[in-house]
Each structure stands twice: as structure tokens, then as C-alpha cells.
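The structure under discussion appears below in the form of C-alpha cells.
Hydrogens, waters and symmetry mates are skipped; everything else that's a heavy atom, side chains included, is used.
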Amino acid sequence: MGRSQGDARQFLEGLFHAAVAAAQPRQSIARFLPDPPKGRTIVVGAGKGAAQMARALEDLWPGPLEGIVVTRYGYAAECRRIEVLEAAHPVPDEAGLEGAARLLERVAGLTADDLVIALVCGGGSALLPAPPDGFTLEDEIALNEILLASGAPISAMNTIRKQFSRIKGGWLAAAAYPARVVSLLISDIPGDEAAFIASGPTVADKMTPADALRAAERYAIALPPAIRAHLETAEGAPSPDDPRLKNTEAHVIASARVSLEAAADEARKAGVTPVILSDAIEGEAREAGLFHAALALEIERRDEPFAAPVVLLSGGETTVTLKGSGKGGRNSEFLLSFAARIAGSQAISALAADTDGIDGSEDNAGAFADGETVARLAAAGLDVNACLSDNDAWTAFAAIGGLFEPGPTGTNVNDFRAILIDRRD
């Protein structure tokens with residue numbers, strides 16, 4: 001038989017922590033520090049790991065600096081010279097609106113001798129609400145809730161967000177002109193496209209309001225009429241060749257791929273062969289769960305296409321199209337769908353979690369599952385398919401002690417999935 005449930009969980013949790021450690025800011029920022037400027041150094045930033053990035057930068061920076069970063073409630077870190085603000089995620093609030101305004105104010109009036117260091121990571125889109133003139137925070141909240149429930153990939157959501165903002169899509173960098181802007185980015189985006197990380201407040205792309213409307217149409221996103229009308233007439237965010245962005249550069253300093261490779265190294269130390277499937281898996285979480293389950297079962301039954309013991313590793317960002325009224329995030333839903341498919345297995349165990357420590361809006365990063373998960377749910381009076389239909393994965397795993405709750409990690413390279421297939425005796 002395979003490892004005990006406790007041993008399997010310990011192994012999988014160790015892989016998660018190895019992945020997170022590889023994405024911690026201090027080591028990655030050190031490799032990309034720009035040269036100090038003649039003038040002032042101003043730090044701005046946003047994301048669920050922005051405070052930890054700011055603290056690391058303070059420790060590493062050789063001269064004076066000042067600035068502001070915005071992070072999620074409960075994710076602050078103590079900084080000496082950089083102010084840390086907290087705001088709501090995933091639904092924006094007034095604190096985020098004020099934070100976005102203060103970032104724009106902080107970079108105003110700079111000179112060509114000044115340097116702006118932008119610390120940006122996942123979660124920055126929701127943490128920096130700044131609706132166009134004539135719109136309110138409530139308009140941005142309504143748009144955000146529609147996008148989160150749409151099931152659209154993050155690239156499509158951020159295409160729309162960038163065209164309905166005064167700070168995303170390169171606007172923050174434009175406000176800093178003529179100062180030099182160096183963006184240090186921790187990627188939670190499949191493919192690590194810099195312009196899509198936190199909707200690119202300091203990095204422009206070629207997308208236009210027309211592209212935002214096409215994305216809404218492609219993914220059947222019902223935009224509020226006023227927002228649609230705005231996108232039909234708006235000038236749009238700055239393009240990459242905007243002269244205000246000529247003195248900018250961006251570096252992806254940590255990513256899902258690096259974290260998956262660190263987890264793979266950890267697996268090898270434990271004598272388990274790692275296979276990295278992809279660092280850019282997208283699509284419906286429950287469908288991705290079924291695919292991963294089918295592959296795991298093939299290995300368990302036939303040692304094909306890989307021989308056990310093996311651990312399958314993958315990253316990216318799946319989505320959930322909300323149809324029910326339950327609680328849970330994309331990693332929990334992935335795992336509940338996975339558990340339904342592998343029910344009865346004696347050799348498969350899995351962990352799916354968000355590397356920032358929060359899956360959806362609850363306090364868990366994700367959950368654990370194995371071949372006994374469905375039976376344990378039944379013993380607790382829960383039907384796995386009913387929970388899936390109601391998007392209620394959190395309730396399901398909470399009822400059987402399956403939640404994974406490491407707390408805030410200080411970084412974010414998106415989903416982490418590890419599926420262990422042990423040998424069967």
C-alpha cells in the first residue's frame with residue numbers, strides 16, 4: 001500500500017513550502033536591484049505579497065528611499081521607511097480607492113533624476129480600484145464581481161480591468177514621467193506576461209478598449225451598460241510606445257515555473273520522481289481536476305505514462321464559473337472534482353492550494369484529498385456531487401478536516417498542485 005494519509009499530507013505540504021520558499025522576495029529582488037539614482041528613490045506597489053517585497057527591498061537598498069505599498073488585510077509586514085496600507089481583496093473597498101489615489105500622488109512631480117521602484121504581485125488589481133472619471137467605487141466593485149463569477153481566464157479579466165481604470169494598464173508609470181520606473185514583478189499569470197500581472201499598473205500592452213469589449217463578448221461577460229458605453233468611446237490605457245513610458249523597464253523576479261522546479265527538487269530528495277505537467281494550466285477548475293485525476297488513475301493502474309512512485313506537479317490559474325451559493329475557491333473546487341473521480345483509490349493523494357495562502361475568500365489556501373475523501377464526506381452526511389453543484393468545496397473539506405491552512409505566505413505565484421501516486425503492494 002502507499003503512504004499513510006498523514007505521511008502523504010506531510011510529503012505534499014513539504015513540496016508546497018519548498019515552492020513558496022523559492023518565490024520569497026528577498027532572494028529574487030537581490031538579483032534585480034537597479035542602480036541608485038541621482039535624485040530620490042520612490043517605492044510604490046500593490047499585491048498580496050507587496051509588504052514582504054517592500055521589507056526585503058528596505059533591507060537590500062543601499063541608500064535613502066520612501067514610498068507606499070498596498071496589500072490585503074492581514075498581509076502587512078513591518079517596514080521602516082515604506083508605508084504599508086491594507087485594503088480588501090478580492091472585492092475592492094474604500095481603503096483600496098484611497099491607496100490607489102495615494103500611489104498616484106506619490107509619483108507626481110518627479111524628475112528625470114528620480115527613480116520609481118514598483119513592487120507588484122498578484123492581487124494588485126482588486127487592491128487598486130481607480131475607476132475612470134464619472135464612475136464610482138461601486139461601479140468597479142460591480143465589474144469585479146461580474147468578472148470573478150464569469151469563469152473567464154485572468155488574461156481576459158485583466159484586459160477589461162485595465163481599460164476601466166486610472167491606474168492600471170500603465171497609468172501609474174505614465175504618472176511618474178519623466179522619472180525612471182523599474183518594476184519588480186512576482187508573476188501569478190500563466191505565461192508570466194508582465195503587462196497582465198495585477199493588470200499592469202506600470203507596464204503597458206497593446207490591448208485597447210475594443211479588445212476589452214471583444215473579451216467580454218467571447219466569454220459572455222454581461223458588462224453593466226454604463227461600463228460598456230465607456231469602453232465604446234474611451235481613449236484607452238497608454239500603449240507601449242507612449243513617450244511617457246520610454247524610461248520604464250520590468251523584470252519578472254519570481255514565477256510558478258521556478259517554484260515548481262523547487263518542489264520537484266524536494267520530491268527527488270524524498271525518493272519520488274517529479275513530473276512537471278505545466279506551469280500555465282487554465283480553464284474550469286473542476287474540468288482540470290478531472291484531467292489530473294484521469295492521469296493519476298492511469299499511472300496507478302498501469303504505470304503509464306509514468307511509473308509510481310511519482311508526483312505530478314502543475315501550476316497556472318484555473319477559474320470557477322459560479323452557479324451555486326456555496327463557499328470555496330478554485331483550488332478547493334479542483335480538488336473536490338478530483339476526489340470524486342479517484343474515489344476508492346488506494347495509492348493517490350493530492351494537495352491543491354494557492355501559493356499566497358488564500359483560496360478564494362476564506363482562510364484556507366486549498367485542501368488535501370485522497371481515495372477516501374468521498375467516503376468521508378458521505379459519513380459526514382455530504383454528497384460530493386451536490387457540493388460541486390453548489391460551488392461548496394470549502395464546506396465539504398471543512399467537514400472532514402481536509403482544509404490546508406498555512407496562513408499568508410508573503411508571495412504569490414498562483415496555483416500549486418501536487419498529486420502523489422504511490423506504488424501499490
Side-chain angles (χ1 to χ4, degrees), residues 34 42-47 67-70 92 96-97 99-112 114-121 124-135 139-140 143-144 147 154-185 187 189 191-216 223 227-252:
I42 305 296
V43 179
V44 293
I68 301 173
V69 298
V70 184
L97 190 69
R102 291 191 61 189
L103 290 188
L104 288 166
E105 291 170 1
R106 184 54 67 99
V107 301
L110 299 179
T111 73
D114 299 322
L115 169 67
V116 174
I117 301 178
L119 307 175
V120 181
C121 57
S125 285
L127 292 166
L128 294 181
D133 292 339
F135 290 89
D139 292 315
E140 187 152 346
L143 174 62
N144 205 52
L147 293 175
I154 189 65
S155 57
M157 288 193 279
N158 283 356
T159 294
I160 296 170
R161 286 168 171 156
K162 286 192 284 188
Q163 302 302 328
F164 189 74
S165 177
R166 291 179 293 106
I167 194 168
K168 302 175 179 71
W171 281 117
L172 183 58
Y177 180 80
R180 180 187 178 203
V181 178
V182 176
S183 299
L184 305 181
L185 313 170
S187 175
I189 298 294
D192 300 331
E193 179 60 45
F196 284 96
I197 300 168
S199 297
T202 55
V203 183
D205 70 7
K206 296 180 180 180
M207 295 297 179
T208 66
D211 293 308
L213 289 169
R214 280 191 286 270
L223 297 174
I227 293 178
R228 175 173 288 278
H230 169 77
L231 293 175
E232 288 172 348
T233 59
E235 176 184 352
S239 65
D241 58 0
D242 189 302
R244 294 170 294 181
L245 303 182
K246 66 181 181 181
N247 201 23
T248 66
E249 58 188 85
H251 305 281
V252 175

Would you say that Val252 contacts Ile197 through its side chain, given a criterion of any heavy-atom pair below 4.5 Å between the two side chains? yes

Look up atom CD1 in Ile42 and atom CG in Leu110, then write down how far apart they are to the nearest 0.5 Å. 6.0 Å

Provide the full list of side-chain hydrogen bond (donor to acceptor under 3.5 Å, both in side chains) pairs with a residue in residues 167-178, sequence neighbours left out, each pair given once. Glu140-Lys168

Looking only at heavy atoms, the pair that brings Ala250 and Ala194 closest together is CB-CB, 4.4 Å

How many angstroms lie between atom OG of Ser199 and atom CD1 of Ile189, to the nearest 0.5 angstrom? 7.5 Å

Close side-chain approach of Asn247 to Val181, heavy-atom, < 4.5 Å: no

In the structure I gave you, are the side-chain heavy atoms of Asp133 and Arg166 within less than 4.5 Å of one another anywhere? yes

Rounded distance [0.5 Å steps], CD1 in Ile117 versus OG1 in Thr202: 12.0 Å

From Cys121 atom SG to Leu184 atom CG, the distance as rounded to the nearest 0.5 Å: 11.5 Å

So, for Ala173 and Thr248, which heavy atoms are closest and what is the spacing to 0.1 Å? CB-CG2, 4.2 Å

Against Gln163, only a single residue in Asp211, Asn158, Ile227, Leu231 fulfils side chain to side chain contact (heavy atoms under 4.5 Å, CB included); can you say which? Leu231

Under a 3.5 Å cutoff, is there a donor and acceptor pairing between the side chains of Thr111 and Asp114? yes

How many angstroms lie between CG in Asp242 and CZ in Arg244, if you round to the nearest 0.5 Å? 4.0 Å

Note: Ala130 and Ala100 closest approach over all heavy atoms is CB-CB, 4.2 Å

Mind checking the NE2-OG spacing from His251 to Ser187? Nearest 0.5 Å is all I need. 15.0 Å

Ser125 side chain near Met157 side chain, heavy-atom distance below 4.5 Å: no

Minimal heavy-atom distance between Gly124 and Ala198, with the atoms involved, is CA-CB, 3.6 Å

Side-chain contact test, heavy atoms from C-beta onward, threshold under 4.5 Å: evaluate it for Thr233 versus Pro209 and give yes or no. no

Look at the side chain of Lys162 and the backbone N and O of Met207, then say whether any donor-acceptor pair between them is shorter than 3.5 Å. no

Student check: side-chain heavy atoms of Glu193 and Ser155 closer than 4.5 Å: no

Shortest non-hydrogen separation from Pro240 to Ala204 and the atoms involved: N-CB, 3.9 Å

Give the minimum heavy-atom separation between Pro92 and Asn144, together with the two atoms involved. CD-ND2, 3.5 Å

